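Okay, structure first, notes after.
Please read these numbers as outputs of a predicted model, since none were measured by experiment.
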Amino acid sequence: MWVGTLYALAAGLMWGLVFIGPLLLPEYPAALQSVARYLAFGLIALPLAWLDRRNLRRLTRSDWIEAVKLAAIGNLLYYLCLASAIQRAGGPVPTMIIGTLPVVIAISANLRNARRDGRLPWKRLAPSLALIAIGIGCVNQVELQALRQAPDADLSRYAIGAVLALGAVACWTWYPLRNADWLRDHPGRSPRTWATAQGVATLPLALAGYALLWIGMSAAGSRFDMPLGPRPDVFLGLMIAIGLFASWLGTLCWNEASQRLPTALAGQLIVFETLAALAYAFILRGAMPAPLTLVGIGCLMVGVLRAVRVKSEPTAAAA
């Protein structure tokens, strides 16, 4: 249980990096950042795939089809929605909406996977879910108040960003449930191999996306300097760092956690991503969080610690 929790923490710390990428590259289209990040992920996965080729050969055609689905929805589409949301609404609003994932995934998994994982008792699960929701609400209140005070706030732009963030929530509610299904159905397979397989599956999708985006921007007469934009050194360095840490290593740590923890509990631990993203955002701002934000972070942490202590109970069907 605790080893799985530590893996989830490591994944959250690395996944939090993806929230600051669009803020550091505001002039780069979100679609370009999405395909470039996963192009880097795929290229990083190639030498790892060569080293792990024996295990990768054991994957069947249906396994590779599942890896492509996970790569398309959980990687490319998710980050496209997230990066677009951050560029339109800034960092805090999408982070707040993505912060609802622990509650959404926990409830979805508890309804969907009770036969396999056992059911986490709602009465014992409710306090931790409530604390997580209160914590997110506190952080939301501070950020929304700052938004209202901004003189140049564009509410329609923020609203579009919020809708895109909801799209990212939908993608990443689907992804961990399906990813956990495969891992739990294949307990003898290495989570490292499965992370590498998703990277390999992402590569052709990202290459095709990059080419189509380049062709489309040229046809539309865009003045953006393809293929690397106006700051190629910063762009390449950031995409490689996110591809390595947030994509491959983060996926590896999450797979390790998913194989050890009930899906409903693992879903709650995505709260670590929210905490990391908030920490990085405040570091980037060069400002300390407001007192209410600190209260919200405290509620999130207590909620996670309570959730770790909840034990699943076998259902009558499982028994």
Side-chain angles (χ1 to χ4, degrees), residues 1-19 41 45 48 52 55 63 66-67 70-71 73-75 78-79 98-110 112-114 116-120 125 128-129 132 168-169 171-199 202 242 244-277 279 300-312:
M1 182 70 76
W2 287 107
V3 171
T5 301
L6 290 174
Y7 273 118
L9 171 60
L13 290 173
M14 286 180 281
W15 283 340
L17 294 172
V18 306
F19 287 81
F41 178 28
L48 298 170
D52 204 19
N55 288 326
D63 293 334
E66 187 67 13
L70 291 168
I73 297 175
N75 289 349
Y78 165 74
Y79 196 62
I98 295 297
T100 63
L101 272 170
V103 178
V104 175
I105 294 175
I107 293 173
S108 300
N110 211 27
R112 177 178 180 269
N113 296 329
R116 183 188 69 193
D117 295 340
R119 186 179 300 279
L120 296 173
L125 190 61
S128 62
L129 293 175
I132 291 172
V169 169
C171 291
W172 237 88
T173 299
W174 179 87
Y175 173 86
L177 296 175
R178 288 294 293 263
N179 191 53
D181 287 345
W182 191 94
L183 289 165
R184 298 295 290 276
D185 290 341
H186 301 81
R189 302 293 179 86
S190 167
R192 182 191 66 251
T193 300
W194 189 232
T196 304
Q198 290 185 43
T202 300
I242 292 177
L244 175 61
F245 293 105
S247 295
W248 184 78
L249 194 55
T251 301
L252 169 59
C253 291
W254 183 254
N255 287 348
E256 293 280 1
S258 296
Q259 212 167 38
R260 289 169 168 83
L261 300 172
T263 306
L265 177 55
Q268 293 183 68
L269 297 184
I270 295 176
V271 72
F272 289 136
E273 178 186 18
T274 303
L275 294 174
L300 291 171
M301 292 302 297
V302 173
V304 168
L305 292 175
R306 285 183 62 95
V308 171
R309 299 176 183 274
V310 177
K311 303 296 183 182
S312 61

What residues, two or more places apart in sequence or in another chain, satisfy side chain to side chain contact (heavy atoms under 4.5 Å, CB included) together with A195? W248, T251, L252, N255
Set of side chain to side chain donor-acceptor pair (under 3.5 Å) partners for T274, sequence neighbours left out: none
Sequence-distant partners of Q259, side chain to side chain donor-acceptor pair (under 3.5 Å), two or more places apart: none
W2 CH2 to L9 CG distance, which is reported to the nearest 0.5 Å: 11.0 Å
Just to verify, what does A71 make a side chain to side chain contact (heavy atoms under 4.5 Å, CB included) with, not counting sequence neighbours? N75, A201, T202, L205
Measure the CG-CG distance between L6 and L269 for me, rounded to the nearest 0.5 Å. 10.0 Å
Atom CG of L183 and atom CZ of R260: how far apart are they, to the nearest 0.5 Å? 11.0 Å
Distance-minimising heavy-atom pair for L300 and I132: CD2-O, 3.4 Å
Are L101 and V169 close enough that some pair of their side-chain heavy atoms sits under 4.5 Å apart? yes
All heavy atoms of W254 vs all of A8, minimum pair found to be CZ3-CB, 4.2 Å
If you measure from CZ on F19 to CD1 on I242, what distance do you get to the nearest 0.5 Å? 11.5 Å
Quick one: are I98 and W15 in side-chain contact, heavy atoms under 4.5 Å? no
Name all residues meeting the side chain to side chain contact (heavy atoms under 4.5 Å, CB included) criterion together with L70; count only those two or more places apart in sequence or in a different chain, and write none if there are none. E66, W174, Y175, R178, N179, W194, Q198
Can you name the closest pair of heavy atoms from G303 and S128 and give their distance? O-CB, 3.2 Å
Smallest heavy-atom separation, S108 atom then L177 atom, equals CB-CD1, 4.1 Å
Closest heavy-atom pair, A67 versus A197, reported as atoms and distance to 0.1 Å, is CB-O, 4.3 Å
Does some side-chain heavy atom of L13 sit less than 4.5 Å from a side-chain heavy atom of F245? no
Between G4 and A257, the two heavy atoms sitting closest are O-CB, 3.3 Å
Could I get the full list of side chain to side chain contact (heavy atoms under 4.5 Å, CB included) partners for T193, not counting sequence neighbours? D52, N55, L56, S190
